[in-house]
Amino acid sequence: MPEIRVTLPDGTSKVFPSGATPQQVGESISPRLAAASLAAKSDGGLVDVYRPLDHDCTLELITERSPDALGIYRHTCAHLMANAVKELFPEAKIAIGPVIEDGFYYDFDRDAPFTPEDLERIEARMREIIARDTPIRRQELPWQEAKALFDRQQEPYKSELAYERGQNEPVSIYRQGAFDDFCRGPHLPSTGRIKPDTFKLLSVAGAYWKGDEHNKMLQRIYATAFLSRKELEEHLTRLEQAKARDHRKLGRDLGLFMLHPWAPASPFFTAKGAIVYNELVDLMREFYREYGYQEVITPQVFDVELWKRSGHYEHYRENMFLAEIDEREFGLKPMNCPGHCLLYGSESHSYRELPLRIADFGRLHRYERSGVTQGLTRVRSFAQDDAHIFCRPEQIESEIRSLFELVRRTYEIFGFVDPHVYFSTRPENSVGSDEIWQRAEAALDGILKAQEAVFTVNPGDGAFYGPKIDFVVKDAIGREWQLATIQLDFNLPERFELSYTGPENAPERPVMIHRAIMGSIERFMGVLIEHFAGAFPLWLAPEQVRLLPIADRHVAYSEVVASRLRGAGLRVTVDARPEKTGYKVREAQLLKIPYMLVIGDRELESASVSLRTRSTGDRGSVTVDTFVEMALRRVESRSLELE
RNA sequence: GCCGAUGUAGCUCAACGGUAGAGCAGCGGAUUUGUAAUCCGUUGGUUGGAGGUUCAAGUCCUCUCAUCGGCUCCA
């Protein structure tokens, strides 16, 4: 009998008869290891524990401790769920069921929708199938046979997949009892290996077959699973906590913004919310002074001639608010760039003026399809910390380098330390010469590498007019939000025939850099609310200090202190209601007001205040001067700390 | 836009097809209070909107609007 040599992770190797399984290899090391193995990794590829090994190879048994374990476990859970659905609803057709970041899902085609009660039944049936401890077995077969099998089972989606995948690779199916699934594997060796209290079905959602909106909409069941009950519970707790810092809930509870059905997806900022909003804008204005930007104000409504010239009428019209007035068609601006091109083009420019950095906080309106809008993070009416830099090609690199610094410095203030960077390169359908694209991409690439930034390349995902860099941060619920964007544009200057006079006294074409650091102020604020769970750093807090006089006789002194603080530029209120201190403290805490100053007889006598911070509670007595000095220092440095 | 869910007082939630309610908030009064809820009283609603079924609709049906979870989209 032929023999094979199996090399283990510790470097040792053993000889086994050909056809030995990872399971058997494991048993030769330790029966406990074999029993704990979910799957195995051989020559870098994942295999089932019962898959015969037929040549010399490396082998690593995958236990729960392995990083590959969770994915395999979840994938087997997905099959288990589909198995249960088919038993309960034989008419449902199975589509695909992949593992995702926090769990897995499975798509089904069925006329009747799945109800929450159905989910409970499915979960219960999954546990029954676990109790049966049905073996799960892999079978490799020619794609024609796989397709024929699924045709017999009237599973059109699986049949289609078998046909498509079979053209390029060998195919396999996994069978557990009467349930067959088209799958690459590997899987746990039996349904009994899933622990019955480690998964949970979460929700039902519509999803198009193959993600194409022209295809049929299927029903997707989202679920999650972990290797232990404890981890599952921790995950569910995290979801609960995320809900508590949802900016839509906090926005209402803290009185920051509201929405009205008559202005769908267009937030109203209250006086408090507007304070936060304007502090964000002021921060950018401060940077603009330092970085040499000039701020402009441009119109909201333009004749569509502008949008035809810019290309928006052709490429962006479905996202624009259009209106016909006086037999003329107008469009509300969705972006500032075309307006800035008109501004640039309205006078002649010398190369000596460049780079020209034109900033604009103008309101933008984009018609977002109903169903895609969300709180502050996806809206129809918003402003960006938008700017367009008109420069010479050789200035691109230093401008972008400086933008990187600006992004880093801005995000640092909020404690966003690791935005993910995406670099999108030239798409198929693009404008501009090869030479200038190469230069643009090389510049971006060089800068990214020089920054030692970790970045992901999205080949061919750039704008048609130039490559772009996006910065993405994660919010409290793990959703990723694109904030900053930097785009190189050779197209609009061409379309608007922009020029400047070069050193040779000849007209030259400027390059445009579109850039936003916060992105949309609305979205940025939404992300910030979640990031801080509503507890804004002092400089952003709408109400920075609340004075809490203990009794009526302390109110007058409290007003004196309040005037002193207001005079120093702090945002202060006095809670003079005849309530107990505990009541006032509770309310101030719930509003996440950074500082509470309790004022009673002792403070009155010593011209002091008793300081309480929202984060650490009672800090004892300080003089008013000491408090003002400390608070101002925190505001001016935009500190994230309160003391 | 598509699939599904939800919509009752400012907020959180009740109400079998049979008289729309509670707590908190608000308002009035009492209380003068030392670091997360003092007590009493009280206002508040075209049950998102429009139709329909029924003796009777918050409840059932149709349409519509908004929001939520996804899909698609997201220069």
Side-chain angles (χ1 to χ4, degrees), chain A residues 105 107 109-110 112-116 118 202-222 243 246 248-249 252-253 255 258-265 310-312 315-316 318-319 334-335 337-338 366-375 377-379 384 424 427 461-468 470 477 481-482 485-489 491-492 514 516 519-520 523 548-555 576-591 596-603 610-614 616-621:
Chain A
Y105 66 79
D107 286 347
D109 183 3
R110 176 179 177 242
F114 290 112
T115 65
D118 290 338
L202 298 173
S203 60
V204 189
Y208 300 105
W209 167 237
K210 291 181 176 167
D212 184 334
E213 68 177 319
H214 301 295
N215 285 341
K216 182 162 187 189
M217 180 159 275
L218 310 175
Q219 291 189 59
R220 173 171 299 176
I221 300 179
Y222 279 96
K243 231 187 259 177
D246 187 315
R248 291 163 300 194
K249 178 179 164 50
R252 189 179 51 238
D253 291 350
M258 52 98 67
L259 291 159
H260 193 279
W262 288 354
S310 69
H312 287 79
H315 292 106
Y316 207 75
E318 62 281 10
N319 281 293
M335 296 182 196
C337 30
R366 297 183 185 174
Y367 175 75
E368 299 285 356
R369 294 162 93 183
S370 68
V372 308
T373 63
Q374 200 187 50
T377 48
R378 187 85 183 268
V379 294
Q384 295 178 321
S424 299
D461 216 26
F464 66 89
Y465 48 71
K468 62 171 184 167
D470 296 323
I477 316 175
W481 290 108
Q482 184 194 310
T485 184
I486 300 173
Q487 299 156 3
L488 277 189
D489 182 2
N491 182 47
L492 285 182
H514 306 238
S520 132
R523 171 180 291 182
L548 311 179
I550 284 171
D552 289 349
R553 65 179 178 280
H554 308 124
V555 170
R577 294 172 304 172
E579 294 288 348
K580 293 170 73 171
T581 306
Y583 180 88
K584 297 182 185 180
V585 165
R586 175 183 155 81
E587 204 166 282
Q589 282 291 148
L590 291 174
L591 289 171
M596 286 152 265
L597 302 180
V598 178
I599 293 173
D601 291 333
R602 291 201 294 273
E603 289 71 28
S610 176
L611 173 65
R612 177 190 169 95
T613 72
R614 69 176 171 217
T616 47
D618 191 351
R619 307 306 290 159
S621 185

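The figures here come from the full heavy-atom set of this structure, side chains too, leaving out hydrogens, waters and symmetry mates. Everything numeric here is computed off the predicted structure, so don't read it as measured data. Note on naming: letters A, B, ... go to the chains in the order of the sequence lines (proteins, then strands), and numbering restarts at 1 for each one.
Here, B:G44 and B:G28 have their C1' atoms 14 Å apart, quoted to the whole Å. Spacing between B:C60 and B:G18 at atom C1', rounded to whole Å, works out to 15 Å. Taking atom P in both B:U19 and B:U59, one finds a spacing of 14 Å when rounded to whole Å. Taking the C1' atoms as reference points, B:C13 lies 14 Å from B:U6, given to the whole Å. Rounded to whole Å, the separation between the P atoms of B:C16 and B:G48 comes to 16 Å. Of the P atoms belonging to B:U32 and B:A15, the separation is 42 Å, rounded to the nearest Å. Comparing the C1' positions of B:C61 and B:G21 gives an interatomic distance of 27 Å, to the nearest angstrom. When the C1' atom is compared between B:U43 and B:C55, the two are found 34 Å apart, to the nearest whole Å.
Taking the side chain of A:A207 as heavy atoms from C-beta on, and the options B:C71, B:C73, B:U33, the nearest nucleotide is B:C71. Among B:G34, B:A75, B:A36, the nucleotide with an atom closest to any side-chain atom of A:M335 is B:A75. Residue A:D552 places its side chain closer to B:U32 than to any other of B:U32, B:U33, B:A37. Checked against B:U31, B:G69, B:U38, the side chain of A:A205 finds its nearest nucleotide in B:G69. For A:V598, counting side-chain heavy atoms from C-beta on, the closest listed nucleotide (B:U32, B:G34, B:C71) is B:G34. Closest to the side chain of A:R602, from the set B:G70, B:G34, B:A36, is B:G34. Among the nucleotides B:C71, B:A75, B:C3, the one closest to the side chain of A:Q487 is B:A75.
Applying the 3.5 Å distance criterion, the base of B:G70 shares no donor-acceptor pair with the side chain of A:Q374. Contact of A:R369 with B:C71 (side chain to base): no donor-acceptor pair of N or O atoms is detected under 3.5 Å.
Minimum heavy-atom separation, A:N215 to A:W209: ND2-O, 2.8 Å. A:V585 approaches A:M596 most closely through the heavy-atom pair O-SD, 4.0 Å. A:D118 and A:R110 get closest at one heavy-atom pair: OD2-NH1, 4.0 Å. Between A:R366 and A:P334, the shortest heavy-atom distance links the atoms NE-O, 2.9 Å. Between A:Y367 and A:E318, the shortest heavy-atom contact is CD2-O, 3.6 Å. Nearest heavy atoms, A:E603 versus A:S610: OE2-CB, 3.4 Å.
Comparing A:V372 and A:P261 by the nucleotide of RNA chain B that holds the closest heavy atom to each, the one mapping nearer the 5' end is A:V372. Checking A:L259 against A:K210, the closest nucleotide of RNA chain B that is more toward the 5' end is the one next to A:L259.
In this entry the distance linking CH2 of A:W209 with P of B:C3 reads 19 Å, nearest Å. Residue A:D601 contributes atom CG, which lies 8 Å from atom P of B:U33 at whole-angstrom precision. B:U33 atom P lies 14 Å from atom CD of A:E579, rounded to whole Å. For the pair A:M596 CE and B:U35 P, the interatomic distance rounds to 13 Å; values are reported in whole Å. A:E587 places its CD atom 13 Å from the C1' atom of B:C11, with the value rounded to the nearest Å. In this structure, A:H315 atom NE2 and B:A75 atom C1' are separated by 10 Å, rounded to whole Å. A straight line from CG of A:L548 to P of B:U35 spans 12 Å, rounded to a whole angstrom. Taking atom NZ of residue A:K249 and atom P of nucleotide B:U67, one finds them 19 Å apart after rounding to whole Å.
No contact: A:F114 has no heavy atom under 4.0 Å from any strand. Across all strands, A:G600 comes closer than 4.0 Å to base atoms (heavy-atom distances). Backbone-only engagement by A:R553 is indicated by non-hydrogen atom pairs under 4.0 Å involving sugar-phosphate atoms exclusively. A:G255 comes within 4.0 angstrom of no nucleic acid atom, judged by non-hydrogen atoms across all strands. Within the nucleic acid shown, A:A265 comes within 4.0 Å of sugar-phosphate atoms alone, with no base atom in reach, counting heavy atoms only. Within 4.0 Å of A:T485, counting heavy atoms only, lies no atom of the nucleic acid at all. No contact: A:Q384 has no heavy atom under 4.0 Å from any strand. Backbone-only engagement by A:P113 is indicated by non-hydrogen atom pairs under 4.0 Å involving sugar-phosphate atoms exclusively. Within the 4.0 angstrom heavy-atom criterion, base atoms lie near A:Q589.
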Worked verdict on A:H514 versus A:K468 for side chain to side chain contact (heavy atoms under 4.5 Å, CB included):
CA-CA 9 Å; A:H514 306 238; A:K468 62 171 184 167; over 6 Å; no
For this session: Might you work through the salt bridge (charged side-chain N to carboxylate O under 4.0 Å, His left out) test for A:D246 and A:R248, ending with a clear yes or no?
Result: CA-CA 5 Å; A:D246 187 315; A:R248 291 163 300 194; 2.6 Å; yes
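With rounding to the nearest 0.5 angstrom, the CE atom of A:M335 is 8.0 Å from the CG atom of A:N319. Taking CG from A:D470 and OG1 from A:T485, the interatomic distance works out to 4.0 Å, rounded to the nearest 0.5 Å.
Remark: RNA chain B forms stems of 3 or more consecutive Watson-Crick or G-U wobble pairs, all pair distances under 3.5 Å, at B:1-7 with B:65-71, B:10-13 with B:21-24, B:26-30 with B:38-42, B:48-52 with B:60-64.
OP1 or OP2 of B:A36 has at least one side-chain nitrogen or oxygen of A:R612 nearer than 4.0 Å. Applying the 4.0 Å criterion to OP1 and OP2 of B:U12, one finds that A:R252 has a side-chain N or O inside that range. For B:G70, the OP1/OP2 oxygens have no side-chain nitrogen or oxygen of A:Y208 closer than 4.0 Å. The phosphate of B:C68 has OP1 or OP2 within less than 4.0 Å of a side-chain N or O from A:R248. When the side-chain nitrogen and oxygen atoms of A:Y583 are compared with OP1 and OP2 of B:A25, one or more of them lie within a distance under 4.0 Å.
Within the 3.5 Å criterion, the main-chain N or O of A:Q482 finds a donor-acceptor partner in the side chain of A:R523.
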